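Keep in mind that this is a model prediction, so the values were computed, not measured. Naming: A, B, ... by sequence-line order, numbering from 1 per chain.
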Amino acid sequence: MIDEASRLEADALAAIAQAEDHAELERIRTLYLGRRDGLVSELLRGLGRLSPENRPAAGAAANALKVAVAAALEGRGAELEASAALARPTVDLTLPPRRRWRGSVHPVSRAIADVWAIFRSLGFTRARGPEVDTEWYNFVALNTPLDHPAADEQDTLYLASGMLLRSHTSPVQIRTMEEYTPPIRIIAPGMVYRRDSYDATHTPAFAQIEGLVVDESATFVDLKATLAEFARRFWGPAAQVRFRPSFFPFTEPSAEVDVKRVIEHSDGRREEKDWIEIMGAGMVDPAVLENVGYDPERYTGWAFGMGPARVAMLRHGVADLRTFYENDMRFLAQFA
Amino acid sequence: MKVSYRWVRDVAPGLELAPAEAAQLLAARGAPVEEAIDLGAGLCDLVVGKVLEVGPHPGADRLLLCQVLGSEGPVPVVCGAPNVQAGAYYPFASIGAAVPGGLRIGRRKIRGVYSEGMLCSERELGLGEDHDGVMALSGEFAPGEPLAAALGLDDTRLDIEVTPNRGDLLSHIGIARELHPSGQSSLRLPPFPGDADLDGVSTVRAGDSYQSAGVRVAIEDPELCPRYMAAVLRGVAVGPSPRWLADRLRAAGARPVCNVVDATNYVMLEIGQPLHAFDLSALRSGSIAAGPARHGESIATLDGEVRSLHEGMLVIRDSERPVAVGGVIGGIDTQVSASTVDILLECALFGPAGVRATRKGLGISTDASYRFERGVDPTITETAIRRAAALVLAVAGGEIDGGIVDVNPSPWLAPTVALRPSRVGRVLGVGFAPAEISELLAPLGYGVESGGADQLDVSVPGHRSYDTLREVDLIEEVARMRGYDTFPDELSRFLPGTVPDHPLFRLEDAVRAALVAEGLSEAQTPALAPPEHGDVPLRNPMTREESFLRRDRLSGLLGHLERNLARGVRDVRLFEIGAAFRAAAGEGAAPRESARVAVAMTGRTAPLHWSGMAEAFDLFDAARVLELIGREAYDGARLLPAPIGSAPPAYLPDRCLALVAGEADPVGWGGEIDPAPLNLPRWAGAVVGAEVELPESPSVRPAVAVREVPAHPASERDFAFAFPADVPASEVIDAARRAAGELLEALEVFDLYEGSDLPEGTRSLAIRLRFRSLERTLTEREVREACRRVLGRVKEETGVEPRG
């Protein structure tokens, strides 16, 4: 009798598990639990034929069988219900989401932010200064006498008052050193102005990022190392940096800094780009330190300047600088 | 600076570098080569051919049949040129050779006779325009010799970028000095055809003036002109230069003029000393003096201009008038011409500052002024005038009359600079032994001697006497000659700086992030504007459109919004962070400069979506953005309707809000833009905008002090007030807020209704108040009490009663 109950349970549960629709489940329910001639009902009816001592155990087994089969029927029924719901959805999920406008950071701002992130991790802070400045801050304090070719008025925009629009961010060097004592470790992003007409590589106003370090132990090797580290972090670990001698009135020795981007493709191919002039740099000229009252015997310094728009042009494959200043939504939105 | 590399090698025998290697070394030394031009490009297949015989062509009257000896035995060549002569040399292309332009010579049968090559004209070789006959080569050649070598075209012209501190590189000698491993000591001046020995000609030296060969030479201002040398050459024949001289000038990118002028240019290009030749007969009273121009003087210069001179400009004068602008340009009245017989050759040293001021005042730049501004070697003056004189005699004939005059009031002395090897290491980060420093500096002409413990006494050569006068200048030379690439790039320890990160950058970052999150795109425009958008004019603007400093940022942004619409872009959302400038209060004071953030928007507030139409931007979107910026930039900033007459002109006056922080004037404005002055397409909807001035040094925000999150339930009550349209909603709202007391958690305006079922000129405002206590669940009575207060106070203060 008990064996009979286990066999029936196994059969019933197997049949229920395989049932694919509600009609099949109903057929199984009738087959096993049907009141008149269901197999379980018949089994219960057969209890009466058992001896009294066997009856309680068999009765419990038969009732358990009834409960188990009913539960299995209900469970499978719910499963079928759920998959039926999936099969005929009430919402069309292929419709587009409810979107909002996505804003974007200007590619030149983004370049500045990325440069800043790297220098920040190298211990730099940000300093700033006015865009309208004096000849003293823009030229003279930077060891550029006004009759020097580098201070050519042809290249600088002047106000009627004799003040000028700074032609580089280097005046921030002077203003920062006047206000603070070494160690100095700053970058100074900002707009600068030149008397240039618009073409593919020139605009009269453009962003620049100045860097300045003054300390008792700042050396040319530090300068090289820091800018090489910057380049590797910005353009990837294989990027190379090359220093070439150059001339700026406010640094000595002075260097042009070139970078060679090396792209390591996932298939192992190495693509070496051409050397590209990316910034000017050098050891702060002792005359500049003297001009702000620093003792050039005690302190040495180094400085650099780069154009984030140029960086952004390289990065995004923009061939014409003017593209950045047209502010066409269809251009800007690409940086969303 | 354009140089003929062949010429560079001529002045530095033993220089073995190929042109490309030289270019690399120059770049590593700080003088990058912008362009290297192979002058013989296309001529590599051509050789010198010797015509052995010229005979008639058996089948054509106009053609000749020549026997030409090239790199192989004599071959028959058919030629149509009338000027072919037996025994002469011509450019020859044999079978298989390519001529410039790509044509390859094959064996051709011409009127029944095979021609095995071609004699070429100048034009066929790209060397000139002459196509009347084949190009006859003058001189003796070996048949088969490469043509480019025979013509001096086996040469490369290097176009070198020279920084303003390196006047010494503006000559072939200067470039050679950088390139030759032994530098200065390898240099020599190569002899030229007809080079005459002038050793017998003496130099007479004088303090301030001297009279020789009937000519008086004087210096009036030794600041402007520290040294003036002159030579009188009589009986010259002015005419074209010989081929070698013209070729050499052309190879260096210069244009031959006439033999006398070419000779002076040759010496300038070779040594770096500009010279000038005067027609002696045009110099009145045979007198020449260098000094300042006088008031009211003018001069007709070689370029055909008549130039008025400012007092103090550097001029050369005869007894009556200026005859040249010293170190800049000669005068047309005294120039060398075809009829010139006697010349005065000037070789002077002019001070950089005087030449610069003079040439800037005149607005010109010449090869001579370019060199004097950057400093001409004070030790080569005599070498240069002797070489130039010898060259004039060689190419134009004549003879020197008298000696060479040298007016030199205070002869130049080589400066000595003390250099500490320890300081070299301190600046560069790599230690240098004294011997190493000496080895690096010597090729450049520096004399290095020990001056005691940790000191080298370095005597500076004339060609570097303008840019290496300090210890640090020599340190740069040490680094440069060692090679920047030889320095390691190992990071070292550093101390943090004393300069705090400027808080305005942080504020700008926060505002940028907030506006990007609002769906706005950052724009960048220059702070230069047309007069209508600026208060501060530029003294030297380039265009009217950019002749002022921008007074505000919104105007520039609206221009870009217009351009976007003009291109058919309907949804424009731009913002910008940048400086704006207001005129200063006092005369000559700095304009007031402030950091601004501006916003301009038009179109839909969201992309189109199937679930419903997106709304168009209106002034309350501008209000949101204005409030957002205000919240980032100022403590307690709030929006107020712009008082009558105060709205900036860009806005519709009745649709403008002011952003106010504290008691001061508004720090920003926002609202609907007046479309009248804008150039908008007909389909354009409302344009809204805002602009906020950011604080100069924003305060750091205090940390958020957290309020307890409520644990007890809230009670919400809705009210509707109908009130006259001329009562501002804020009066009702503020009264309700004040009356609700401390149990009020939030007040929201959730509906504004102006339907026809309301009395004329009335509107209905729906407000939801949420009451909550942090300590307990509010009783119905407490909430009812608060509501009663609200209704009472609103009526009391505004006369407005709740609606039905």
Side-chain angles (χ1 to χ4, degrees), chain A residues 95 98-106 108-109 123 125-128 130-132 147 149-150 157-161 163 176 180-181 183-186 195 197 204-205 215 219-222 224-226 228-229 242-247 252-253 255 283 286 300 324-325 327-330 332-333, chain B residues 27-30 163-165 353 356 427-430 472 476 479-480 484 487-492 494-502 505 515-524 526-528 536-540 542 546 560 564 569 572-574 579 588 590-591 593 606-607 609-611:
Chain A
L95 284 167
R98 183 175 291 117
R99 298 190 175 101
R100 302 173 64 180
W101 294 125
R102 300 197 55 202
S104 57
V105 174
H106 194 278
V108 175
S109 293
T125 53
R126 287 172 297 183
R128 61 195 294 153
E131 292 175 15
V132 169
D147 69 349
L157 288 165
Y158 277 87
L159 308 186
S161 63
M163 297 191 78
T176 304
Y180 297 93
T181 53
I184 302 281
R185 211 169 164 83
I186 56 149
R195 240 175 141 265
S197 300
D215 201 350
T219 67
F220 187 68
V221 167
D222 282 341
K224 251 193 109 181
T226 309
E229 178 68 14
R242 179 173 76 181
F243 272 49
R244 283 183 292 113
S246 188
F247 169 75
E252 182 124 34
M283 300 302 294
T300 49
F324 286 137
Y325 304 106
N327 299 313
D328 190 308
M329 282 301 287
R330 294 163 297 182
L332 297 175
Chain B
R29 292 273 162 85
T163 52
N165 59 325
R356 179 169 167 77
V427 171
L428 298 181
V430 169
V472 71
E476 175 172 69
R480 204 171 64 81
Y484 283 6
F487 288 84
D489 59 4
E490 288 152 23
L491 281 170
S492 54
F494 62 83
L495 286 171
T498 58
V499 184
D501 193 43
H502 198 292
F505 281 119
L515 294 177
V516 168
E518 273 290 318
L520 290 151
S521 287
E522 187 184 12
Q524 282 197 358
L528 304 173
V536 183
L538 296 178
R539 188 171 80 199
N540 57 344
M542 282 175 300
E546 300 193 322
H560 286 288
N564 271 286
V569 180
V572 185
R573 302 165 313 282
L574 294 172
E593 177 176 337
H609 192 249
W610 50 268
S611 61

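- For a residue to count as touching a neighbouring chain, one of its non-hydrogen atoms must lie under 4.5 Å from one of that chain's; by this rule B:Ala28 touches chain A with the backbone only.
- Heavy atoms of A:Leu95 lying under 4.5 Å from chain B belong to its backbone as well as its side chain.
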Could you give me the CA-CA distance, side-chain angles and deciding distance for A:Asp328 and B:Asn564, then say whether side chain to side chain contact (heavy atoms under 4.5 Å, CB included) is met? CA-CA 6 Å; A:Asp328 190 308; B:Asn564 271 286; 3.6 Å; yes
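- Note that A:Arg242 lies outside the cation-pi zone of B:Tyr484, set by a 6.0 Å cut-off to the ring centre and a 45° limit from the axis.
- For B:Leu528, the part lying under 4.5 angstrom from a heavy atom of chain A is the side chain only.
- In the model, A:Arg98 has a side-chain atom that pairs as donor or acceptor with a side-chain atom of B:Ser611 under 3.5 Å.
- Only the backbone of A:Arg102 comes within contact range of chain B, with at least one heavy atom under 4.5 Å from a heavy atom of that chain.
- Looking at B:Glu593, the atoms closer than 4.5 Å to chain A (heavy atoms on both sides) all sit in the side chain, from C-beta outward.
- Taking B:Arg480, B:Glu546, B:Glu490, B:Met542 one by one and counting their heavy-atom pairs under 4.5 Å with chain A, the maximum is reached by B:Met542.
- Heavy-atom distances place both the backbone and the side chain of B:Arg573 under 4.5 Å from chain A.
- Of the two parts of A:Met283, only the side chain, counted from C-beta on, holds a non-hydrogen atom closer than 4.5 Å to a non-hydrogen atom of chain B.
- Only the side chain of B:Val536 comes within contact range of chain A, with at least one heavy atom under 4.5 Å from a heavy atom of that chain.
- With respect to chain A, the highest number of heavy-atom pairs below 4.5 Å among B:Val572, B:Leu574, B:Thr163, B:Val472 belongs to B:Val472.
- Atom CG of B:Asn165 is separated from atom CD of B:Glu476 by 6.5 Å, given to the nearest 0.5 angstrom.
- If you measure heavy-atom distances from B:Pro488 to chain A, the contacts under 4.5 Å come from both the backbone and the side chain.
- Heavy atoms closer than 4.5 Å to chain A are found in the side chain of B:Val569, but not in its backbone.
- Proximity to chain B (any heavy atom under 4.5 Å) is restricted, for A:Glu229, to the side chain, taken from C-beta onward.
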